[in-house]
Amino acid sequence: MASSETHSTLPLPTFDKPVKLLIVVAPYYRAVADQLIAGATATAKICGVEVEVIEVPGALEVPTAIAMAERQSNYDGYVALGCVIRGETTHYDTVCNDSSRAISLLGLQGACIGNGILTVENMAQAEVRANPDKQNKGGGAAAAALHLIALSRRWSSARKGIGFRPPEDSFRA
C-alpha cells in the first residue's frame, strides 16, 4: 500500500532573484482543483515566489496554455494542475497520455514544469492526493517546477567562458 511507504523529498530551493510561476489548472473537478491550487500556492509562498493562476477547460488544454505562455510571456516556470478520473471509455487513457506527453515535450524543450495533473481511479483517490494536509500533489508539483527553475538558473549562469576559443595567434596575419 502506497500510503505506508516513506518518500524522500528535496528541501525547497532558494532564489536570489524574483521568480514568476504560472499555475495552469483545469477545474473540471472544482473541489479537487482548489485543493491542488492551495497546495501549489502555499509551496510557492514559502519560497517567496510570485504566482499567477489561470484556468483552462480541461487537462488536454493545460500544456497548450503553458506552451503559449512560454512563447508569449515571461514566466520562469509552470505548474500543471488538474484531475482525470477513469470513466467507462478510453477517453481517460487519451487525456492522461496526451496531456502528460505534451508536458514532457515542453519540458524537454526547456520549460520548467511541475506536473500535478492527477490520474486516478476514483474521487476518493483524487481527494487524498489533492489535499495539502495529506499527499499534497499540488505542492509537490510546485516544488518540482521550482527545483527545475533553480537548475535552469544555475546552468544558464555557468555557460560563461565555455566553448571554442581559437588560440590567440590564430588570427595573426
Side-chain angles (χ1 to χ4, degrees), residues 1-27 29-56 59 61-84 96 99-120 125-160 162:
M1 178 183 272
S3 62
S4 64
E5 296 175 3
T6 58
H7 302 272
S8 175
T9 57
L10 299 173
L12 290 172
T14 57
F15 299 96
D16 56 357
K17 294 187 307 187
V19 174
K20 287 181 62 178
L21 193 64
L22 178 65
I23 296 174
V24 181
V25 61
Y29 299 102
R30 173 57 72 185
V32 173
D34 288 346
Q35 291 286 302
L36 290 167
I37 294 167
T41 55
T43 297
K45 183 178 180 180
I46 291 168
C47 293
V49 170
E50 179 185 339
V51 174
E52 182 177 348
V53 179
I54 63 163
E55 295 182 349
V56 295
E61 290 75 37
V62 170
T64 302
I66 291 172
M68 290 174 9
E70 181 73 356
R71 282 191 313 271
Q72 300 172 2
S73 197
N74 62 340
Y75 294 98
D76 297 295
Y78 309 91
V79 180
L81 299 178
C83 179
V84 185
C96 294
S99 63
S100 179
R101 184 177 302 111
I103 290 168
S104 293
L105 289 172
L106 288 167
L108 291 172
Q109 294 170 7
C112 300
I113 307 171
N115 187 351
I117 298 177
L118 305 179
T119 55
V120 296
Q125 290 178 350
E127 290 168 346
V128 168
R129 285 160 177 76
N131 188 326
D133 296 323
K134 294 189 179 174
Q135 290 189 12
N136 193 18
K137 296 298 183 180
L146 294 171
H147 281 289
L148 291 171
I149 293 165
L151 279 174
S152 177
R153 287 184 175 185
R154 175 181 166 189
W155 289 332
S156 68
S157 65
R159 290 186 146 186
K160 296 177 182 174
I162 296 176

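Here, residue 1 is the first one in the sequence, and each next residue gets the next number. Values below: every heavy atom of this structure, side chains too, minus hydrogens, waters and symmetry copies.
Between Glu70 and Gln109 there is no side-chain heavy-atom pair separated by less than 4.5 Å. Counting only heavy atoms from C-beta outward, the side chains of Gln125 and Leu118 never approach each other to under 4.5 Å. No side-chain heavy atom of Val56 sits less than 4.5 Å from a side-chain heavy atom of Thr64. The shortest distance between side-chain heavy atoms of Pro13 and Ile149 does not fall below 4.5 Å. Considering only heavy atoms from C-beta on, Ile103 stays 4.5 Å or farther from Tyr78 through its side chain. Between Val51 and Val79 the shortest side-chain heavy-atom distance does not fall below 4.5 Å. In this structure, Gln135 and His7 have side chains that are not in contact, with every pair of non-hydrogen atoms separated by 4.5 Å or more. Residues Val62 and Ser99 fail the side-chain proximity criterion, which asks for heavy atoms closer than 4.5 Å.
Closest heavy-atom contact between Val49 and Leu21: CG1-CB, 3.7 Å. Of all non-hydrogen atoms in Gly114 and Ala145, the two that sit nearest each other are N-CB, 3.6 Å. Between Ile66 and Ala80, the shortest heavy-atom distance links the atoms CD1-CB, 4.0 Å. Contact detail for Ala26 and Ala59: the closest heavy-atom pair is CB-N, 3.5 Å. Minimum interatomic distance between Val25 and Pro27 (heavy atoms only, all atoms of both residues): O-CD, 3.4 Å. Residue Ala65 comes nearest to Ile54 through the heavy atom pair CB-CD1, 4.2 Å, listed as atom of the first residue, atom of the second, then distance.
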Audit row: Asp76, Arg153, salt bridge (Lys or Arg N to Asp or Glu O under 4.0 Å) steps and yes/no | CA-CA 9 Å; Asp76 297 295; Arg153 287 184 175 185; 3.4 Å; yes
Would you give me the side-chain donor-acceptor pairs under 3.5 Å for residues 39-48, sequence neighbours excluded?
from  : atom 1 : to    : atom 2 : distance (Å)
Thr41 : OG1    : Ile37 : O      : 2.9
Thr41 : OG1    : Ala38 : O      : 3.2
Thr43 : OG1    : Gly39 : O      : 3.1

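Going from atom CD1 of Ile117 over to atom CG of Leu81 covers 8.0 Å, rounded to the nearest 0.5 Å. Residue Glu61 holds its CD atom at 10.5 Å from CE of Met68, rounded to the nearest 0.5 Å. With rounding to the nearest 0.5 angstrom, the CG atom of Leu106 is 10.5 Å from the CG atom of Asn115.
Of the candidates Val24, Leu22, Ile23, Leu22 is the only one forming a side chain to side chain contact (heavy atoms under 4.5 Å, CB included) with Glu52.
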